[in-house]
Student: 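Sharing a structure, written as structure tokens. Questions coming.
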There are 2 protein chains.
Amino acid sequence: MSSDTVSTISGRERLLATAAVMFRQRGYAGTSTRDLAAALGMQSASLYHYIGSKEDLLFDLSREALEVIGARVAAALDGAEDPVERLRLLIRTHLVTALSDQDKHAVMLTEMHSLSPARRAEVLKMRDQYEAYVEGVLSKARGAGVIRTDIPVKYLRLALLDLLGWTIFWFRPDGELSPNALADIMVTLYLDGARWRPAQDWVAAANGDGT
Amino acid sequence: MSSDTVSTISGRERLLATAAVMFRQRGYAGTSTRDLAAALGMQSASLYHYIGSKEDLLFDLSREALEVIGARVAAALDGAEDPVERLRLLIRTHLVTALSDQDKHAVMLTEMHSLSPARRAEVLKMRDQYEAYVEGVLSKARGAGVIRTDIPVKYLRLALLDLLGWTIFWFRPDGELSPNALADIMVTLYLDGARWRPAQDWVAAANGDGT
DNA sequence: GTCTATAAAGAGATAGAC
DNA sequence: GTCTATCTCTTTATAGAC
């Protein structure tokens, strides 16, 4: 990250950010180029200095969301060896990243159907790759004996992504919980469930000390 | 339910069902009245014999989804006393109901923003009522000592609804799992988590036999 | 209950000046 | 980099015949 990442924001970045906000609120098809331009204080014709078509915005937004989350999660897990710790890091990093740009991630998840078939396929491929990565982390943890084997890993992955992906639709940044605090809750809930435990000493017993 | 519920389908019901399918695939704003009419083998003008406006379709679809799920879950829990059993029935019934009409429920969840403010508020109120009901079931279970107390019940509810609500976006009726089998997985995962247990005898110990 | 015809508004995108 | 002006197409909805 260069030093001007925060302070300087290009015209195109401002356009993308505004598009993310509006597409999330009104949907892609429900947002006109005139609406978008008005929110930026310009005429709709001026948008085409930055983009070739309205669909470019949705496409770039969607790819960016998946690129960022994939890269950050992979980076976070880079040094970690312990399979449960890797899972914890995955949950935390995915959630914190998605919550750091809720608009972009929400739009990617709900507006994909508005892309042309070719572009939709490309975004779906990226999503499938990330989901395969997540399933891989779960699989390794299962191989290490720390994740239950009575549920197919496919459904462990899908349930985890339900939890991670759709939390952005109700999380409020100005609420009582920080993204990190919420991540703690999700880690606990996903790994240990909602049921009360008479004693949680089995956690240490089941853990081992990393391999 | 009258005896002709299944065999006879009124023009209006056919219209609503087709709208649900198309709104889910292309989004509400992305589906034109011409598209919709063409799928039904008629002209767009003919739709207005059944509805007052396109928005009526989205509104009625959304209310119906919430009415049906609220009613079925309440009915399923009607006789049950044991708090864990009530939670199990809630998860199972919610899931099976939502999966029995994925289109309608998916549209309700993702297209609400296309409703007028007044109608959106009405649908949101219905959703809030249902979510309060779910939280009540969790609260009772917590009061009975079967649900963990270290996570605020609000987040137990939100996580559960992530799991229940967003499963309809990946579930395929023609897939390997029946809705009931999937419900089993979700019950297990929500109550007990993804972590491997050295021995699951504590489940019986923590359960009791219903007050 | 479905049609043809059409009104009225809004959409995405381009041309070309500044 | 932003504007005015405008083209062309699509949109929701209505009128009125059958």
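Model, not experiment: these values are computed from the prediction. These numbers come from the heavy atoms of this one structure, side chains and all, not from hydrogens, waters or symmetry mates.
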Student: Figure out the OH/P separation between B:Y48 and C:dC3, and round it to whole Å.
Tutor: 14 Å
Student: Is the closest basic N to carboxylate O distance between A:D192 and A:R197 below 4.0 Å?
Tutor: no
Student: Could you give the NZ-to-P distance, from B:K54 to D:dT11, as a whole number of Å?
Tutor: 9 Å
Student: Among C:dA13, D:dA13, C:dG1, which nucleotide sits nearest the side chain of B:H49?
Tutor: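 Taking heavy atoms from C-beta onward, the closest nucleotide is C:dG1.
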Student: Using atom CD of B:Q43 as one end and atom P of D:dA15 as the other, report the distance to the nearest whole Å.
Tutor: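 Distance check: B:Q43 CD to D:dA15 P gives 19 Å.
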Student: Between the base of C:dG10 and the side chain of A:R34, is there a donor and acceptor pair under 3.5 angstrom?
Tutor: no
Student: Return the minimal non-hydrogen interatomic distance between B:I151 and B:R142, and the atom names on each side.
Tutor: O-NH1, 2.7 Å
Student: With heavy atoms under 4.0 Å as the rule, sort A:S10 into base, sugar-phosphate or nothing.
Tutor: nothing
Student: Using only side-chain N and O atoms of A:T33, determine if any of them is under 4.0 Å from OP1 or OP2 of C:dG12.
Tutor: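 Yes, such a contact exists.
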Student: Quick one: A:L36 CG to C:dG10 P, roughly how many Å, whole number?
Tutor: 18 Å
Student: Starting from the 5' end of DNA chain C, give me the residue, B:G41 or A:G30, whose nearest nucleotide shows up first.
Tutor: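 Of the two residues, B:G41 wins.
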Student: Please report the distance, rounded to the nearest Å, between CG in A:L47 and C1' in D:dC3.
Tutor: 13 Å
Student: Nearest whole angstrom, please: distance from the C1' of C:dG1 to the CG of B:L15.
Tutor: 13 Å
Student: Do A:F23 and B:H113 have their ring centres less than 6.0 Å from each other?
Tutor: no
Student: Does a side-chain N or O from A:Y50 land closer than 4.0 Å to OP1 or OP2 of D:dT2, or not?
Tutor: yes
Student: Determine the contact category for B:S46: base if any of its heavy atoms lies under 4.0 Å from a base atom, sugar-phosphate if only primed atoms, P, OP1 or OP2 are that close, otherwise nothing.
Tutor: base
Student: Do A:Y50 and A:L47 have side chains that get closer than 4.5 Å, going by heavy atoms?
Tutor: no
Student: Within this structure, what is the CZ-to-C1' distance between A:R12 and D:dT2, rounded to whole angstrom?
Tutor: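 Roughly 18 Å, once rounded to whole Å.
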Student: CG of A:D56 versus P of C:dG12: gap in Å, rounded?
Tutor: 13 Å
Student: Would you say B:Y190's side chain and B:L156's backbone share a donor-acceptor pair under 3.5 angstrom?
Tutor: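 Side chain of B:Y190 to backbone of B:L156: a pair is present.
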Student: Side chain of A:A45 only, please: which of D:dT2, D:dA5, C:dG12 is the nearest?
Tutor: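 My answer, after comparing the listed nucleotides, is D:dA5.
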